[in-house]
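Since the model is a prediction, treat every value here as computed from it, not as a measurement. Throughout, numbering of the chain's residues begins at 1 and tracks the sequence.
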Amino acid sequence: MEIIHRQYRLIPATVEDADVYVDLQLKCLAQTYAGYGDDGFMQRQYDSRDELVEEFLDNVSSAQSRAFLAYDTSADFSHPVGFGLSRLGPLPWESELDFAQVPAGSRELVQLYTLEQAQGHGLGQALLDAVLVSGEPAYLHIVEGNAKAQRFYEKNGFSHEGFSLTCLGSWHNPEGQSMRVGRMFRGIDITENHTSV
């Protein structure tokens with residue numbers, strides 16, 4: 001089901017959108033984490049493009065996934081300007097983290113990004129509303145220091161768990177300081193104690 005929000009058209013993403021989705025994902029990562037990551041951060045993302053495509057295909061094909069690409073109808077409609085994806089978690093890689101496991105079947109907001117030119121027009125909120133039902137219990141991972149994103153999620157009822165860990169995979173800097181990731185929850189109670197690594 002397509003969703004119209006102001007000048008934006010949100011279209012469900014399918015496996016056929018893998019290349020378009022990942023190309024946009026890489027653009028958004030470059031914009032969002034400029035200044036957060038180390039000098040090699042984006043090169044590691046570009047180098048892992050095939051893995052990002054496989055991850056998207058797995059996510060969008062999973063049971064009860066919700067994924068949308070957003071297009072600006074007042075501009076170049078051939079290139080999306082935002083995307084959002086949620087699915088039932090936890091995902092297999094989450095077991096590698098020193099976090100308490102969320103209950104099986106919990107809704108995870110896997111990704112939500114918009115290009116800078118599309119920010120400030122309610123598109124992020126429209127994408128969030130498309131992939132999470134209002135008030136639906138859910139959780140997400142958030143890069144520490146991304147205060148703008150944290151405020152957005154807090155406005156939508158999420159609370160930070162209060163713990164963070166060093167990022168893994170292509171997000172990990174093997175030569176020095178890595179970004180850290182924490183979790184935010186809405187309507188899910190994780191009461192197990194944690195140790196920040």
| task | Look only at the side chain of Asp17 and the backbone of Val20, and say whether a donor-acceptor pair between them is shorter than 3.5 Å. | result | no
| said: If I compare all heavy atoms of Gln45 with all of Leu52, which pair ends up nearest, and what's the gap? | reply: O-CD1, 3.9 Å
| query | Of all heavy-atom pairs between Arg87 and Asn59, which one has the smallest distance, and what is that distance? | reply | NH1-OD1, 2.9 Å
| field | CD on Glu16 to CG on Leu57, rounded to 0.5 Å | value | 9.5 Å
| query | Between Leu88 and Ser62, does a side-chain contact (heavy atoms from CB on, under 4.5 Å) hold up when you go through it step by step? | reply | CA-CA 8 Å; Leu88 300 182; Ser62 70; over 6 Å; no
| said: Within the structure provided, determine whether Leu29 and Met42 are in side-chain contact (heavy-atom separation under 4.5 Å). | reply: yes
| request: Grab the two heavy atoms, one from Leu109 and one from Leu140, that are nearest each other, plus how far apart they are. | output: O-CB, 3.7 Å
| query | Who pairs with Glu136 by salt bridge (Lys or Arg N to Asp or Glu O under 4.0 Å), at least two apart in sequence or on another chain? | reply | Arg66, Arg107
| query | About how many Å separate OG of Ser65 and CG of Leu85, when rounded to the nearest 0.5 Å? | reply | 6.0 Å
| task | Using a 4.5 Å cut-off on heavy atoms from C-beta on, say whether the side chain of Leu24 contacts that of His79. | result | no
| request: Sequence neighbours left out, what passes ring-ring contact (aromatic ring centres under 6.0 Å, His included) with Tyr21? Give chain and number order. | output: Phe56, Phe83
| task | Give, for atom CD1 of Ile11 and atom OH of Tyr71, the distance between the pair rounded to the nearest 0.5 Å. | result | 5.5 Å
| query | For Glu116, does its backbone N or O pair with a side-chain atom of Gln31 as donor and acceptor, under 3.5 Å? | reply | yes
| query | Within the distance-only criterion (no hydrogens, no angle test), does the side chain of Ser106 pair as donor or acceptor with the backbone N or O of Gly89 below 3.5 angstrom? | reply | no
| Hphob cluster co-occupancy, Tyr113 + Tyr46, side-chain heavy atoms under 4.5 angstrom | yes
| query | With the 4.5 Å side-chain cut-off for hydrophobic clustering, are Val15 and Leu10 part of the same group? | reply | yes
| field | Non-neighbouring partners of Arg6 that pass salt bridge (Lys or Arg N to Asp or Glu O under 4.0 Å), sequence neighbours left out | value | none
| message | With a 4.5 Å cut-off on side-chain heavy atoms, are His141 and Met184 touching? | response | no
| Any side-chain heavy atom of Gln117 sitting closer than 4.5 Å to one from Val81? | yes
| CG of Leu112 to OG of Ser86: how many Å apart, nearest 0.5 Å? | 10.0 Å
| field | Val60 side chain reached by Thr14 side chain, heavy atoms, under 4.5 Å | value | no
| task | Just jot down the salt bridge (Lys or Arg N to Asp or Glu O under 4.0 Å) partners of Asp23, sequence neighbours excluded, or say none. | result | Arg49
| message | Main chain of Arg44, side chain of Ser48: is a donor-acceptor contact present, judged purely on distance under 3.5 Å? | response | yes
| said: Is any side-chain heavy atom of Ile142 closer than 4.5 Å to one of Phe158? | reply: no
| Which heavy atom of Pro103 sits nearest a heavy atom of Pro90, and at what distance? | O-CD, 4.0 Å
| Who passes ring-ring contact (aromatic ring centres under 6.0 Å, His included) against Tyr8, sequence neighbours left out? | none
| query | In Å and rounded to the nearest 0.5 Å, what is the NE2 to OH distance from His160 to Tyr153? | reply | 12.0 Å
| message | Exactly one of Arg186, Glu108, Arg183 should register a side chain to side chain donor-acceptor pair (under 3.5 Å) with Tyr139. Which one does? | response | Glu108
| Carboxylate-amine/guanidinium contact Arg9 Glu2, below 4.0 Å | yes
Tell me which donor-acceptor pairs under 3.5 Å the side chains of residues 118-132 have, and how far apart each pair is, sequence neighbours excluded?
from   : atom 1 : to     : atom 2 : distance (Å)
Gln119 : OE1    : Lys148 : NZ     : 2.8
Gln119 : NE2    : Thr114 : O      : 3.1
Gln125 : OE1    : Asn156 : ND2    : 3.1
Gln125 : NE2    : Asp129 : OD1    : 2.9
Gln125 : NE2    : Asn156 : OD1    : 2.8

| message | Nearest 0.5 Å, please: how far is CD1 in Ile188 from CD in Glu161? | response | 10.5 Å
